[in-house]
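Everything on this sheet refers to the single structure shown next.
Keep in mind that the numbers below use all heavy atoms, side chains included, and drop hydrogens, waters and symmetry copies.
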Amino acid sequence: QVQLLESGGGLVQAGDSLTLSCAVSGLTFSDYFMGWYRQTPGKEREFVAAVSWSGASTYYTDSVKGRFTASRDNAKNTVNLQMNSLKPEDTAVYYCVADPSGSKLRVGNDADYWGQGTQVTVSS
């Protein structure tokens, strides 16, 4: 079956960096747009970043542009989210997602497959 397994979350201070990783199995990785969503209690889930099938294109929500970098390795079936200059408002559970449609993932607030999530906490 399809599995998306995130790792790399944790507790950091404002200004620190953190890299999230997602290992994917059970699907043809290069056929899927990959992305990251986040959610905090009481709020709707929020699109954070996406990377196209080949990795040539990346997309970000405005609040993370210039601070976060999404990348993928199609040989290793992994996707990463490098997060720099972290802020307390970045605190959330981060989910790795996969969908064959880039538009659905980027603007449809949905994806076919979701990981279990990893907590990122940024203290002030």
**Prompt:** Which atoms form the tightest heavy-atom contact between Ser17 and Ser85, and what is the distance?
**Reply:** OG-N, 4.3 Å
**Prompt:** Any link between Trp36 and Val97 through a network of hydrophobic side chains (Ile, Leu, Val, Met, Phe, Trp, Tyr) touching at under 4.5 Å?
**Reply:** no
**Asked** Any chance the side chains of Ser123 and Gln13 put a donor and an acceptor closer than 3.5 Å?
**Response** no
**Item:** Val79 to Cys96 - nearest heavy-atom pair and separation
**Value:** CG1-SG, 3.7 Å
**Request:** Taking all non-hydrogen atoms of both residues into account, name the closest pair between Pro100 and Trp53 and its distance.
**Result:** O-NE1, 3.2 Å
**Asked** For residues 21-34, which residue pairs qualify under salt bridge (Lys or Arg N to Asp or Glu O under 4.0 Å), counting only residues two or more places apart or in two chains?
**Response** none
**Request:** I would like to know whether Thr40 and Val93 meet side chain to side chain contact (heavy atoms under 4.5 Å, CB included); could you show each step before the answer?
**Result:** CA-CA 6 Å; Thr40 54; Val93 177; over 6 Å; no
**Request:** Using side-chain hydrogen bond (donor to acceptor under 3.5 Å, both in side chains) as the criterion, list what pairs up with Asn74, not counting sequence neighbours.
**Result:** Arg72
**Prompt:** Which atom names give the shortest non-hydrogen contact between Val122 and Thr91, and what distance separates them?
**Reply:** N-OG1, 2.9 Å
Under 3.5 Å, sequence neighbours excluded: what are the donor-acceptor pairs made by side chains of residues 111-119?
residue: Asp112; atom: OD1; partner: Lys104; partner atom: NZ; Å: 2.6
residue: Trp114; atom: NE1; partner: Ala111; partner atom: O; Å: 3.0
residue: Gln116; atom: NE2; partner: Glu6; partner atom: OE1; Å: 3.2
residue: Thr118; atom: OG1; partner: Gly9; partner atom: N; Å: 3.3
residue: Gln119; atom: NE2; partner: Ala92; partner atom: O; Å: 3.4
residue: Gln119; atom: NE2; partner: Thr121; partner atom: OG1; Å: 3.3

**Item:** Closest non-hydrogen atom pair between Leu105 and Met34, with its separation
**Value:** CD1-C, 4.0 Å
**Salt-bridge criterion met for Asp62 and Lys65 (N-O under 4.0 Å)** = yes
**Request:** Applying side-chain hydrogen bond (donor to acceptor under 3.5 Å, both in side chains), name anything that partners Lys43, two or more places apart in sequence or on another chain.
**Result:** none
Anything under 3.5 Å between a donor and an acceptor, one on a side chain of residues 21-29, the other on a protein residue two or more places apart or in another chain? List them.
residue: Ser21; atom: OG; partner: Asn80; partner atom: OD1; Å: 2.9

**No-hydrogen, no-angle side-chain donor-acceptor test under 3.5 Å, Tyr94 and Arg38** = yes
**Request:** State plainly whether one hydrophobic cluster holds both Tyr32 and Leu20, where clusters connect Ile, Leu, Val, Met, Phe, Trp and Tyr through side-chain heavy atoms under 4.5 angstrom apart.
**Result:** yes
**Request:** Measure the spacing between CG of Asp90 and CG of Asp16 and express it to the nearest 0.5 Å.
**Result:** 11.5 Å
**Prompt:** Under 4.5 Å between side-chain heavy atoms, hopping through other hydrophobics if needed: is there a path connecting Phe47 to Tyr95?
**Reply:** yes
**Asked** Is the closest basic N to carboxylate O distance between Asp110 and Arg45 below 4.0 Å?
**Response** yes
**Message:** Is the shortest side-chain heavy-atom distance between Lys87 and Ser63 below 4.5 Å?
**Reply:** no
**Message:** Within the structure provided, determine whether Phe68 and Val48 are in side-chain contact (heavy-atom separation under 4.5 Å).
**Reply:** yes
**Complete:** Those residues at least two apart in sequence (or on a different chain) that pass side-chain hydrogen bond (donor to acceptor under 3.5 Å, both in side chains) with Tyr37 are none
**Complete:** Between the OG1 atom in Thr69 and the CG atom in Asn84, the distance rounded to the nearest 0.5 Å is 6.5 Å
**Prompt:** Would you say Thr19's side chain and Gln82's backbone share a donor-acceptor pair under 3.5 angstrom?
**Reply:** no
**Request:** For side chain to side chain contact (heavy atoms under 4.5 Å, CB included), just list the numbers for Gln3 and Gln1, CA-CA rounded to whole Å, side-chain angles, deciding distance to a tenth of an Å, and then say yes or no.
**Result:** CA-CA 6 Å; Gln3 287 190 321; Gln1 73 274 23; 3.9 Å; yes
**Request:** Give the minimum heavy-atom separation between Tyr60 and Ala70, together with the two atoms involved.
**Result:** OH-N, 2.9 Å
